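What you see is a predicted model; the values in this text were computed from it and never measured.
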Amino acid sequence: MKNYLLAILLVCFTTFAMAQDVSYGVRGALNISNLDFDPDADFENKHRNGFSFGGFVEFGFSDTVSLLTELQWSAEGGKDENLRADYIQLPIQLRLSASDRLSFGVGPQVALKTWKNEDAFSTFVFSGVLGTEYMITSDLFVDARFSFGLTNILDEDMTNSSAKNNVIQFGLGIKI
């Protein structure tokens with residue numbers, strides 16, 4: 001196990017060292033999120049409007065391929081107070097540029113909850129992320145992302161139901 005971890009770290013550092021261009025920045029976004037329950041919820045499950053903010057680093061490997069890593073805080077879950085879920089998230093996207101201004105990304109996201117310790121939510125959750133970004137200027141951009149839950153956000157010891165978080169984000173950011 002230690003050898004695999006060491007090999008993964010070596011590949012990551014080698015990949016980052018080969019990056020041709022590195023950019024940093026900040027991003028804020030409007031979230032529209034909801035929980036997808038299984039079995040279906042027996043109550044009104046309305047979406048939650050929230051926000052997210054964070055910082056990112058983008059490693060450019062070529063003119064068309066880059067890796068975007070970000071650390072963000074995000075307000076998600078359902079509208080009801082008992083269904084609100086706030087996270088610190090680490091999305092990682094492999095990005096392909098369609099032009100100088102337009103790029104598309106896909107990748108995983110890991111999240112750590114940032115609310116009550118004793119509740120019905122899992123501490124860690126995993127999601128997939130799809131996104132697109134449009135550069136307004138060489139530094140200012142707008143983007144849209146969809147993250148879809150891959151794991152149950154409810155603590156399996158506390159409930160027999162499962163729920164996955166689905167979030168649409170509309171963001172604005174600046175590269176520094």
Q: Check G105 against R95 and note the closest heavy-atom contact, atom names and distance.
A: CA-CG, 3.9 Å

Q | Residue pair R145, E70: steps toward the salt bridge (charged side-chain N to carboxylate O under 4.0 Å, His left out) verdict | A | CA-CA 13 Å; R145 294 182 188 172; E70 185 173 350; 2.7 Å; yes

Q: Measure the spacing between CD of E58 and OG of S23 and express it to the nearest 0.5 Å.
A: 4.5 Å

Q. Any side-chain heavy-atom pair from I32 and N49 closer than 4.5 angstrom?
A. yes

Q: State, to 0.1 Å, how close T132 and L102 come at their nearest heavy-atom pair, and which atoms those are.
A: OG1-CD1, 3.6 Å

Q. With no hydrogens and no angle check, do the side chains of Q89 and E76 hold a donor and an acceptor under 3.5 Å apart?
A. yes

Q) Do F56 and I92 belong to the same hydrophobic cluster, where Ile, Leu, Val, Met, Phe, Trp and Tyr are linked whenever their side-chain heavy atoms lie under 4.5 Å apart, directly or via other members? A) no

Q | D21 side chain to G60 backbone, donor-acceptor under 3.5 Å | A | no

Q. What pair of heavy atoms forms the shortest contact from V125 to T151, and how long is it?
A. CA-OG1, 3.5 Å

Q.
With a sphere of 6.0 Å drawn around CZ of F146, does it hold more than 12 non-hydrogen atoms of other residues, nucleotides or ligands?
A. yes

**Q.** From D139 atom CG to K175 atom NZ, the distance as rounded to the nearest 0.5 Å
**A.** 8.5 Å

Q. Is there a donor-acceptor pair closer than 3.5 Å between any side-chain N or O of R101 and the backbone N or O of M135?
A. yes

Q) Do L68 and F104 share a hydrophobic cluster, counting only Ile, Leu, Val, Met, Phe, Trp and Tyr and linking them when any side-chain heavy atoms are less than 4.5 Å apart? A) no

Q: Kindly work out whether a path of hydrophobic side-chain contacts (I/L/V/M/F/W/Y, heavy atoms less than 4.5 Å apart) joins F53 to I174.
A: no

Q: Heavy atoms only: give me the nearest Q109-P91 pair and the separation to one decimal.
A: OE1-CB, 3.4 Å

(Q) Could you report the tightest heavy-atom contact between S52 and R27, atom names first, then the distance? (A) OG-NH1, 4.1 Å

Q | Shared hydrophobic cluster for F126 and V167 (ILVMFWY, side-chain gaps under 4.5 Å) | A | no

Q. If we only count heavy atoms from C-beta on, is the N31 to I168 side-chain gap below 4.5 Å?
A. no

Q) Hey, does Q72 have a side-chain heavy atom less than 4.5 Å from the side chain of Q169? A) yes

Q) Side-chain contact, heavy-atom cut-off 4.5 Å: V106 with L96? A) no

Q | Close side-chain approach of F124 and L112, heavy atoms under 4.5 Å | A | yes

Q: Supply the atom-to-atom distance D86 CG to T114 OG1, rounded to the nearest 0.5 angstrom.
A: 4.5 Å

Q) So how far is it from S147 OG to Y87 OH, rounded to the nearest 0.5 Å? A) 10.0 Å

Q. According to a 4.5 Å side-chain heavy-atom criterion applied to Ile, Leu, Val, Met, Phe, Trp and Tyr, with indirect links allowed, do L94 and F59 form part of one hydrophobic cluster?
A. yes

Q: Look at the aromatic rings of W73 and F51 and report parallel, tilted or perpendicular, splitting at 30° and 60°.
A: tilted

Q) Do you know which two heavy atoms are closest between S127 and L150, and how far apart they sit? A) C-CD1, 3.7 Å

Q. Counting only N and O atoms by type, is there a donor-acceptor contact under 3.5 Å from the side chain of T69 to the main-chain atoms of V57?
A. yes

Q. Under 3.5 Å, side chain of S66 to main-chain N/O of F61, donor-acceptor pair present?
A. no

